[in-house]
Every structure is written in C-alpha cells, then in structure tokens.
A.B. asks: 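This is the structure I have questions about; it appears just below.
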Amino acid sequence: KYRRELQLRKKCHNELVRLKGNIRVFGRVRPITKEDGEGPEAANAVTFDADDDAVLHLLHKGKQVSFELDKVFPPQASQEEVFQEVQALVTSCIDGYNVCIFAYGQTGAGKTYTMEGTAANPGINQRALQLLFSEVRGKAADWDYTITVSAAEIYNEALRDLLGKEPQEKLEIKLCPDGSGQLYVPGLTEFRVQSVEDINKVFDFGHIKRVTECTNLNEHSSRSHALLIVTVRGLDRSTGLRTTGKLNLVDLAGSERVGRSGAEGSRLREAQHINKSLSALGDVIYALRSRQGHVPFRNSKLTYLLQDSLSGDSKTLMMVQVSPAEKNTSETLCSLKFAERVRSVELGPVSRKAELGSWPSQEHLEGDSPGSSAPAG
Ligand code: ADP
Ligand code: MG
C-alpha cells in the first residue's frame, strides 16, 4: 500500500519538477535590531507588496530596486511560518530524496536564527528533526527507519568533523569504491538519533566542540560553513524495499565582501576561500537550474561534498537572509542579486509552454522581474 503511495508521490514529484524545477529561492528579512543602532543608519530600507508574497523592494542610494523570488518572508514572519514552507521538502527525504537547505547572507542577517534559532524559538534544524521523528513513527507499522546525524564545518576549504572525539580532524571526500559514483567521507562521525533528547545532545556536543576549538565563535562561525547532515534510511518490512534520503542543513559563511584594502594575512585568505566557495555554490545551482550539461561541483569542498544532494532528483532551497537596515543596503543588494541570479533561468520552450499552460503561479522567466537589474550569468 505504501509502495503504491510512494510511486504515486514520485510521479507527482516528477511532474512538479518538470514544470517548476527542483530549486527554490526564498528570501527572509530580519527585523531591525538594537545592534542596528539608532538614527538614519537603522532606518528600514525594505518594503513588501500586500498582495504578492514573492516580491520585495529595496531602497538603495535613493533608488528603489525590486526583486522577485519564489517567496519572501517579512520581518514579522515567525519560525513556524517559515518552517511551514519547508516541511514538505524535509519530509521528502523519508521517501528517499536528497534535500539541501542553505542559509545565505551577510553576517548578522539572520542565517543562524533561521537554521538554529533560539532555545525558545527553534529554527529549521530542530523542527526538521522533530518532524522526521513524528513522520517516521507514523509509518512504524510497515517500515523500519534509522535516522543518523553528522555535523561538519568547512573552514578555509578544510572539512572538519564537529561530532568526532579527536579535535581538528581534517577529512577527505572520496568516491565510493563500489563504482556507484556516490561520495562519502571516511571518518565522519554518524550518530544514530532516536529521540528529541538525542538530537539536543548532538547539537550541544557539536556546539561545545565548535566553541572550545576556536577563540571567537562569532567570528569563526561567520567565516565557516556549518553543515548538519541527516540521513534517513527506511526498510519496508513486507517487501524489502529500501530507501535512503539525506537532508543537508547548511548555515553558510557570511557573504559580505571584505574591503580589499583592509584585509591581509589570514583574514584575506579566509575571505578568498569564502568568496570562492559561495560563488562555486551559486555557479552549481545556476548550472543545475538552467539544466546545463556540465555542473562544476569540483570547484569547492562544499559543492563537492553535496554533489549527491544537489544533482539528480534532489531538491534545493536557498534561503537568502537580508538585513532591512539602511546601513546594510549595499550587502543586501548583493545578496538579492545572488538570489536572483541562481533562480532566474530561462526554461526551454517546451517547459515554458507547459508552465504557462498549467502552472500559472510563481515561477518567473528571465527578464520578467519588475525593475530589477539583470542578473549576471
Ligand atoms: P547570522 O547568522 O546571519 O550572522 P544571526 O542569525 O546571528 O545572523 O542574527 C543576527 C541577530 O539578529 C541575532 O541577534 C538574531 O537573534 C537576530 N535575528 C535574526 N533574524 C531574526 C528574526 N527573524 N527575528 C528576530 N530576531 C532575529
Ligand atoms: Mg551565524
């Protein structure tokens, strides 16, 4: 019975992908905070349309620039509201899909708030695991599921285990020897989690390790990518059917451009590595979305590690975080241009026709976005 349901869902999914592609780009605008200060630099520079939740407007240097994404969340959007929009993506890994959710944006724009959240108001990571547990429990009559969690960080193009016992392990990404083309990371710790308490333990451990191994966590976390990798393996007891799905939750390094004159030494090196990996990620998503034959996965550790979860029938969500404050509009503009670039891809004539015929909603075609400058690429 479930198998049939699975096939049906796969069919629906394939149809959806054919029409819309499997990459979504959302924007989330954080509220103005105390840290933004007072006075003109803390003035709000981002506005929304009452009747269109895919559009936002940025007032930059006296000019209004508008952007259309797949969806935008205004400052008052709650963690629940945001999660509601991503939960279908999360649960699809139970059916064997690989999923990536990225938080992109300058330091202070709300990436960690969206992914980790606070104790009182948890973000996507915690909610996703909780939802996976409850969904899996609901299928326990027919299926056995195992959920494991790994946590890693990429700093200066070095991959490090956040759950391993040894400090500062440098890990390599390898091709599976079975010829399947799959990638794996020998030595990356995988914890089996069976309850919400287990998850909290894992999160605390990873966090403590990260804190104790660097002198300034805030600075460090803004210069490294943090990954939480959840693997869901299922076995249908009656038919022997097996599924494996992976959910990759990624809090990216800050996208801010480092002043060319100011940075030197290690700071400059960090900035170059971040720059390289974020543009590599943008290039990969752009290539996938435009269905280019060659996808440059190998240009960074991040894209290479996530290759399996970005290609094929995988699903990707890019959550672009921005600050609404006047003083941040240059970076906000950059982040929104990045968002537009990865999502503005011209679809082929066939899919365009199908799209216009039977899918009248959000997807926009290149050049359609209101008033925005043309994205590079
Ligand atoms: P980043 O990880 O991008 O550097 P943070 O997530 O640390 O940014 O957010 C910076 C500050 O703004 C934090 O104090 C955070 O609690 C707050 N913040 C971010 N987004 C929101 C939001 N949607 N609602 C309330 N506070 C937020
Ligand atoms: Mg952060």
Side-chain angles (χ1 to χ4, degrees), residues 25-38 41-42 44-48 53 56 69 71-86 101-128 151-155 160 162 203 206-211 213-228 248-258 270-271 273-275 277-278 281 302 317-336 338-339:
V25 184
F26 289 175
R28 187 178 191 185
V29 185
R30 71 153 166 81
I32 297 273
T33 66
K34 272 202 221 85
E35 281 80 53
D36 292 323
E38 280 167 33
E41 78 273 18
N44 174 53
V46 177
T47 51
F48 302 87
D53 66 358
L56 62 72
L69 306 179
K71 185 169 178 72
V72 296
F73 295 100
Q76 65 274 17
S78 65
Q79 299 282 61
E80 286 84 2
E81 283 169 64
V82 171
F83 189 67
Q84 236 163 41
E85 293 293 324
V86 304
I101 301 179
F102 297 98
Y104 178 100
Q106 78 176 111
T107 298
K111 296 181 297 296
T112 305
Y113 186 85
T114 290
M115 301 310 289
E116 284 179 27
T118 59
N121 218 346
I124 291 175
N125 295 1
Q126 175 110 346
R127 287 170 200 269
E153 104 181 342
I154 297 174
Y155 174 69
R160 209 159 72 83
L162 287 182
F203 284 171
H207 194 68
I208 289 166
K209 198 169 148 91
R210 228 176 164 206
V211 172
E213 286 174 16
C214 56
T215 42
N216 183 335
L217 179 69
N218 263 340
E219 273 190 17
H220 181 77
S221 68
S222 73
R223 292 169 201 170
S224 58
H225 310 303
L227 295 97
L228 185 68
N248 303 277
L249 301 159
V250 189
D251 187 343
L252 291 167
S255 61
E256 58 273 14
R257 294 151 305 163
V258 176
E270 284 170 346
H273 281 303
I274 294 167
N275 223 324
S277 62
L278 290 178
L281 180 63
L302 180 70
L317 170 66
M318 179 64 74
M319 182 72 88
V320 176
Q321 294 284 152
V322 301
S323 154
E326 171 65 37
K327 64 172 179 189
N328 294 128
T329 56
S330 295
E331 288 298 337
T332 299
L333 188 67
C334 281
S335 294
L336 291 170
F338 176 89

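Numbering starts at 1 and runs along the sequence shown. Note that ligands are numbered from 1 as they come in the structure, with each ligand's atoms numbered from 1 the same way.
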A.B. asks: Is it the side chain (CB and beyond), the backbone, both or neither of Pro31 that lies under 4.0 Å from ligand 1, heavy atoms counted?
C.D. replies: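 Contact part for Pro31 vs ligand 1: side chain (C-beta onward).
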A.B. asks: Short N/O distance, under 3.5 Å, between Pro75 and ligand 1?
C.D. replies: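 Not met; the criterion fails.
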A.B. asks: If we only count N/O pairs under 3.5 Å, is Thr112 in contact with ligand 1?
C.D. replies: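 It does: an N or O of Thr112 is found under 3.5 Å from an N or O of ligand 1.
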A.B. asks: Is the shortest side-chain heavy-atom distance between Leu228 and Val250 below 4.5 Å?
C.D. replies: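 Sidechains of Val250 and Leu228: no contact.
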A.B. asks: Under 2.8 Å from the Mg ion (ligand 2), how many protein N/O/S atoms do you get? Just the number, please.
C.D. replies: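 Number of qualifying protein atoms: 1.
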A.B. asks: Does a side-chain heavy-atom distance below 4.5 Å link Thr329 with Val46?
C.D. replies: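 SC-SC contact between Thr329 and Val46 ruled out.
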A.B. asks: Side chains of Ile274 and Leu278: closer than 4.5 Å at any heavy-atom pair?
C.D. replies: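 They are in contact (side-chain heavy atoms under 4.5 Å apart), so the answer is yes.
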A.B. asks: Suppose I only count heavy atoms of Thr107 and a 4.0 Å limit; which atoms of ligand 1 are within that range?
C.D. replies: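 In order of number, 4 (O).
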A.B. asks: For atom 6 (O) of ligand 1, what is the nearest protein heavy atom, given as residue, atom name and distance?
C.D. replies: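 Scanning the protein heavy atoms, the shortest distance from atom 6 (O) of ligand 1 goes to Tyr113 N, 2.7 Å.
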A.B. asks: Salt bridge check: are Arg257 and Glu331 linked by an N-O gap of less than 4.0 Å?
C.D. replies: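 So Arg257 pairs with Glu331 through a salt bridge.
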A.B. asks: Please check if a non-hydrogen protein atom sits closer than 4.0 Å to atom 25 (C) of ligand 1.
C.D. replies: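 So atom 25 (C) of ligand 1 has protein heavy-atom neighbours under 4.0 Å.
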A.B. asks: Mind checking side-chain contact (heavy atoms from CB on, under 4.5 Å) for Glu85 and listing every partner two or more places apart, or none if nothing turns up?
C.D. replies: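 Phe26, Lys71, Phe73.
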A.B. asks: Identify the heavy atoms of Ser323 and Asn328 that sit nearest to each other, and give their distance.
C.D. replies: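 Between these two residues, the closest heavy atoms are OG-OD1, 2.8 Å.
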A.B. asks: Of all the non-hydrogen atoms in the protein, which one sits nearest to atom 17 (C) of ligand 1, and at what distance?
C.D. replies: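 The answer is Thr33 CG2, 4.4 Å.
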A.B. asks: Please list, chain by chain and in numerical order, all residues satisfying salt bridge (Lys or Arg N to Asp or Glu O under 4.0 Å) with Arg127, sequence neighbours excluded.
C.D. replies: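 Arg127 satisfies salt bridge (Lys or Arg N to Asp or Glu O under 4.0 Å) with Glu80 once adjacent residues are dropped.
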A.B. asks: Name all residues meeting the side-chain contact (heavy atoms from CB on, under 4.5 Å) criterion together with Val72; count only those two or more places apart in sequence or in a different chain, and write none if there are none.
C.D. replies: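 Val72 satisfies side-chain contact (heavy atoms from CB on, under 4.5 Å) with Phe48, Leu56, Leu69 once adjacent residues are dropped.
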A.B. asks: Does some side-chain heavy atom of Val320 sit less than 4.5 Å from a side-chain heavy atom of Ser335?
C.D. replies: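 Ser335 reaches Val320 side chain to side chain.
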A.B. asks: Taking only heavy atoms of Arg30, which atoms of ligand 1 are found under 4.0 Å from at least one of them?
C.D. replies: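 Close to Arg30: 12 (O), 19 (C), 20 (N), 21 (C).
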A.B. asks: Need the ligand 1 atom indices (1-based, order shown) with element for anything under 4.0 Å from a heavy-atom of Lys111.
C.D. replies: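 So the atoms of ligand 1 that pass are 1 (P), 2 (O), 3 (O), 4 (O), 6 (O), 8 (O).
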A.B. asks: Does Gln76, at its CD atom, have more than 12 non-hydrogen atoms belonging to other residues, nucleotides or ligands within less than 6.0 Å?
C.D. replies: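 Yes, the 6.0 Å shell around CD holds more than 12 heavy atoms from other groups.
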A.B. asks: Any donor-acceptor pair under 3.5 Å linking the side-chain atoms of Thr114 with those of Gln321?
C.D. replies: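 The answer is yes; a qualifying pair exists.
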A.B. asks: Less than 4.5 Å apart, any side-chain heavy atom of Ile101 and any of Met115?
C.D. replies: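 Ile101 reaches Met115 side chain to side chain.
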A.B. asks: Just to be sure I read this right, does ligand 1 sit under 4.0 Å from the backbone of Arg28, its side chain, both, or neither, counting only heavy atoms?
C.D. replies: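 It is the side chain that gets close, since no backbone atom is under 4.0 Å.
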A.B. asks: Among the heavy atoms of Met115, does any lie under 4.0 Å from an atom of ligand 1?
C.D. replies: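 Judged by the 4.0 Å heavy-atom criterion, Met115 does not count as contacting ligand 1.
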A.B. asks: Tell me, do Gln106 and Val322 make a side-chain contact under 4.5 Å, heavy atoms counted?
C.D. replies: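 Counting from C-beta outward, Gln106 and Val322 never come under 4.5 Å.
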A.B. asks: Below 4.0 angstrom from a heavy atom of Gln106, which ligand 1 atoms are there? Numbered from 1 as shown, please.
C.D. replies: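 Near Gln106, the atoms of ligand 1 are 3 (O).
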A.B. asks: Please list the nearest protein heavy atom to atom 14 (O) of ligand 1 with its residue and the distance rounded to 0.1 Å.
C.D. replies: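 The answer is Glu35 OE1, 4.5 Å.
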A.B. asks: Counting each atom of ligand 1 from 1 as listed, which ones have a heavy atom of Gly110 under 4.0 Å away?
C.D. replies: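 Taking each heavy atom of Gly110 in turn, ligand 1 has 1 (P), 3 (O), 5 (P), 6 (O), 8 (O), 9 (O), 19 (C), 20 (N) under 4.0 Å.
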A.B. asks: In the protein, what heavy atom is nearest to atom 11 (C) of ligand 1, and what distance, to one decimal place, separates them?
C.D. replies: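 For atom 11 (C) of ligand 1, the nearest protein heavy atom comes out as Gly108 O, 4.6 Å.
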